[in-house]
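Hydrogens, waters and symmetry mates play no part in the numbers below; they use all other heavy atoms, side chains included.
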Amino acid sequence: MDLQFFNTLSHRIETFKTSDPLGKKVGLYCCGPTVYDFAHIGNFRTFIFVDMVRRFLEFKGFQVKHVMNITDVDDKIIQRLNASPEKITLRDYTSIYEKAFFEDFDQLNCLRPSIIPRATDYIPQMLELIGKLMENGIAYQTPDGSIFFSIQRYMALGGKYGQLVKINFDEVRVGERIKNDEYEKENAADFALWKARVPGDGEVFWPSPWGEGRPGWHIECSAMSRKLLGETFDLHLGGEDLAFPHHEDEIAQSEGSTLCKEGGCKPTPFVRYWLHFSHLLVEGKKMSKSLGNFYTLRDLFAKGYTGREIRYLLLSAHYRESLNFTLEGLNGARSALSRLDECLAKLKELAGAAEASGAPSDLVQNFDDALSNDFNLSAGWAAVFDWVRQTNKLIAEEKLSASEAARLLADWARVDAVLAVSPQKKEEEIPAEILALLEERQAARKAKNFARSDAIRDELKSKGWVIEDTPKGPRLKRI
RNA sequence: GGCGGGGUAGCCAAGUGGUAAGGCAGAGCUCUGCAAAAGCUUUAUGCACCGGUUCGAAUCCGGUCCUCGCCUCCA
C-alpha cells in the first residue's frame with residue numbers, strides 16, 4: 001500500500017511520491033529546537049513524530065536525507081544571554097541547551113538526523129538569499145537598516161502568499177502587531193529578513209552588505225534547506241503553530257528568490273509536501289508554567305518515568321489530533337509496555353539461537369497498512385497488541401517452535417524499527433546472591449515450607465527482583 | 001472578529017454511510033501451595049444535543065451547546 005497523508009499545501013490526503021526519478025531518495029526537513037532553555041514534552045511530541053515519519057519512510061524502503069536545524073540565534077536567546085551574570089559567548093550559551101536537547105533526544109530513542117546545521121553557521125547563505133530578494137525588489141531596507149520582505153511586491157511578481165493557511169488580510173487583527181513593532185515596515189504583515197544591530201544585541205551581530213545585524217526568524221530555514229536539500233525538496237514537517245507565519249514566510253522567501261524582477265516568471269516550488277503536527281494538552285489544558293502542567297523531559301525523568309514510556313504515550317494518538325498528556329496516561333503506557341516486554345521476553349526464551357522460519361505473521365502487513373493510511377498510529381498499535389494477544393496464546397498453548405518464535409521476533413523487529421519502544425538496556429546479569437536465594441526458595445518449596453519460601457520471595461522483591469513460577473521452573477525478573 | 005480542529009465507555013484513543021479497533025483501569029474464571037505472569041470471558045443498543053436525508057448515520061446535511069488551536073514568541 002502506498003503511503004498517504006494529509007498535505008497542508010493541498011489541504012487533502014495525497015499519495016506520497018518522491019521527486020527522485022528512481023523513487024528512492026527523500027529529502028526531509030524539520031525545524032529543530034531554539035536552544036534557549038530545556039525543551040518540553042510539547043516540543044518533543046513534534047520531534048518524536050518527525051522521527052516516526054522518517055523511520056516509517058525507511059521502513060517503506062526510502063532513503064531519507066533528514067535535516068533538522070538548530071536555531072541558535074533569536075530574540076529570546078539574546079535576551080537570556082545578555083541577562084546571564086557571566087560574560088559568555090553566544091555559542092557557549094546555546095551549546096548548553098543543545099547538549100541537553102540531544103541527551104533528551106537520545107532518551108526518547110530518536111534517530112539523529114542526517115545533518116544538523118546551526119543557523120549561525122549559515123549566515124553567508126542567508127545573506128545570499130536576502131541579496132536575491134533585494135535584487136528582485138521583493139525586499140526593502142528601512143531607515144534603521146533592517147531588511148523586510150514585502151508581501152505585496154512578492155504577490156505582484158506572481159508569488160503566492162497564504163498557501164498553507166488562508167489569510168484574509170482585512171480580517172487579521174493587526175492593531176497590536178503594528179503598535180508593538182519597533183521597526184518601520186511598509187506593511188504590517190511584512191516580516192524581517194535581517195534585523196539591524198541595536199545596543200541590546202550585545203556582541204551578537206554579523207556584517208552584511210546592508211550593515212551589521214542578525215538574521216530574521218524565518219530566513220534560516222529557507223537558506224539551510226536550500227543549501228542542504230536543494231531548491232525544491234519533498235517533505236517539510238513541523239508543529240501546527242509554525243504553519244503560519246513561519247512556514248508561510250519560508251515559502252515566500254524561497255519561492256520569491258526564484259522570481260524575476262520584471263515579473264512573468266513562475267516560482268520554483270519550495271516544498272512538495274507539508275506535514276503539521278497538532279499540539280498536546282497536559283491534564284486537559286494547554287501547557288503553561290502558571291498552571292503547573294509544564295513538563296520538561298527532565299521533570300518526567302525525575303518522577304521516574306523513562307524515555308520509552310514517554311515515547312509510547314506521545315505516539316499513542318494521531319498526529320493531527322491533540323493528545324491529552326497525563327501522568328495517569330504515562331502509568332498506562334508503563335503497563336502496556338511491560339505487557340509487550342513480557343511477550344517479547346518469552347519469545348526470546350523460546351527462540352534461543354534458532355533461525356527464523358515459517359510464514360510471516362500478519363503483524364508487519366497490518367502495521368504497514370495502518371501507518372500508510374495517514375500515519376494512523378492508533379491502528380498501528382492495535383495491530384501490535386492483537387499480535388501480542390495471539391502470540392501469548394500460542395506460547396501458553398505451547399504451539400510455538402523455536403524457529404517460529406524467532407520468526408515472530410523478526411517480524412517485531414521490523415515494526416519496532418519504526419516504533420522504537422523496545423527496551424534499550426542489555427539484559428542484566430543476575431547476581432550470585434539473588435540466585436542463591438532463588439535456590440533456597442526452591443528447596444523450601446520442595447519441602448513444602450511455604451512460609452519460608454514466601455519470606456524469600458518478599459526478600460527478593462525488596463531487593464528489586466520478582467519471581468514468576470512457570471511449568472519450566474522459576475523465572476527472575478527485575479522490577 | 002477571521003480561519004481551522006475536536007466532542008466516541010471510568011480514563012486514553014481509532015473508526016468518515018453497512019451495524020462500535022486497540023491500550024489502561026475494573027470484574028469473573030483457568031493455571032498456581034499461595035502469588036506473579038499468561039489465557040479465556042466480560043465492561044458503550046451507544047458515539048455532545050435537536051432536527052433532516054437514507055433501506056441503513058458516530059460517519060452526510062441544517063441548527064444548538066461546549067472545547068482546543070492559529071491570526072502575537074511558540075512544537
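- Contact annotation: A/S278 side-chain N/O to B/C68 OP1/OP2 distance is not under 4.0 Å.
- Closest to the side chain of A/R389, from the set B/G23, B/A75, B/A13, is B/G23.
- Here A/Y312 lies in heavy-atom contact (under 4.0 Å) with sugar-phosphate atoms only.
- Within the 4.0 angstrom heavy-atom criterion, no nucleotide atom of any strand lies near A/H246.
- Between the CD atom of A/E321 and the P atom of B/G22 there is a distance of 20 Å, given to the nearest Å.
- In terms of polar N and O atoms assigned as donor or acceptor, the side chain of A/D469 comes within less than 3.5 Å of the base of B/C34 in a complementary pairing.
- Between the side chains of A/H279 and A/D241, a donor-acceptor pair is found at a separation under 3.5 Å.
- Stacking is not found between A/H279 and the pyrimidine-like six-membered ring of the B/G69 base under the 5.5 Å centre-distance and 30° plane-angle cut-offs.
- Between the side chain of A/R457 and the base of B/A35 there is at least one donor-acceptor pair of N/O atoms closer than 3.5 Å.
- For the segment residues 338-345 of chain A, the set of residues with a heavy atom within less than 4.0 Å of an atom of RNA chain B comprises A/R339, A/E342, in numerical order.
- Phosphate contact (OP1/OP2 of B/G39, side-chain N/O of A/N392, threshold under 4.0 Å): present.
- In the set B/G33, B/G23, B/A14, the nucleotide with an atom closest to the side chain of A/A336 is B/G23.
- Phosphate contact (OP1/OP2 of B/G15, side-chain N/O of A/N376, threshold under 4.0 Å): present.
- Nearest nucleotide to the A/A382 side chain, out of B/G22, B/A38, B/A75: B/G22.
- Of the residues listed (A/L347, A/V384, A/V388), the one engaging A/W412 in a side-chain contact (heavy atoms from CB on, under 4.5 Å) is A/V384, and it is the only one.
- B/G6 atom C1' lies 13 Å from atom CG of A/L323, rounded to whole Å.
- Residue contacts for A/S453: at a heavy-atom cut-off of 4.0 Å it reaches a base atom on one of the strands shown.
- Within the 4.5 Å cutoff, the side chain of A/L314 has heavy atoms near those of the A/F325 side chain.
- Within a 6.0 Å sphere centred on CD of A/E398, other residues, nucleotides and ligands contribute 12 heavy atoms or fewer.
- Between A/F367 and A/F59, the ring-plane angle classifies as perpendicular under the 30° and 60° cut-offs.
- Under a cut-off of 6.0 angstrom, the local environment of CD in A/E349 is crowded, with over 12 non-hydrogen atoms contributed by other residues, nucleotides or ligands.
- Taking side-chain N and O atoms only, A/K393 has no distance below 4.0 Å to OP1 or OP2 of B/U41.
- Comparing B/A14, B/C24, B/C70 against the side chain of A/A379 picks out B/A14 as the nearest.
- Here the P atom of nucleotide B/A75 and the CG atom of A/L314 are 15 Å apart, to the nearest Å.
- Counting non-hydrogen atoms under 4.0 angstrom, A/L280 reaches a base of the nucleic acid.
- Rounded to whole Å, atom P of B/C40 lies 10 Å from atom CD of A/Q390.
- Using a 4.0 Å heavy-atom criterion, one finds that A/F277 contacts no nucleic acid atom at all.
- Checking B/G23, B/C70, B/C11 against the side-chain heavy atoms of A/E328 singles out B/C11 as nearest.
- Across all strands, A/K448 comes closer than 4.0 Å to no nucleic acid atom at all (heavy-atom distances).
- More than 12 heavy atoms of other residues, nucleotides or ligands lie within 6.0 Å of CD in A/Q4, so this atom counts as buried by the packing criterion.
- Taking atom CG on A/D454 and atom P on B/A35, their separation rounds to 10 Å, with Å as the unit.
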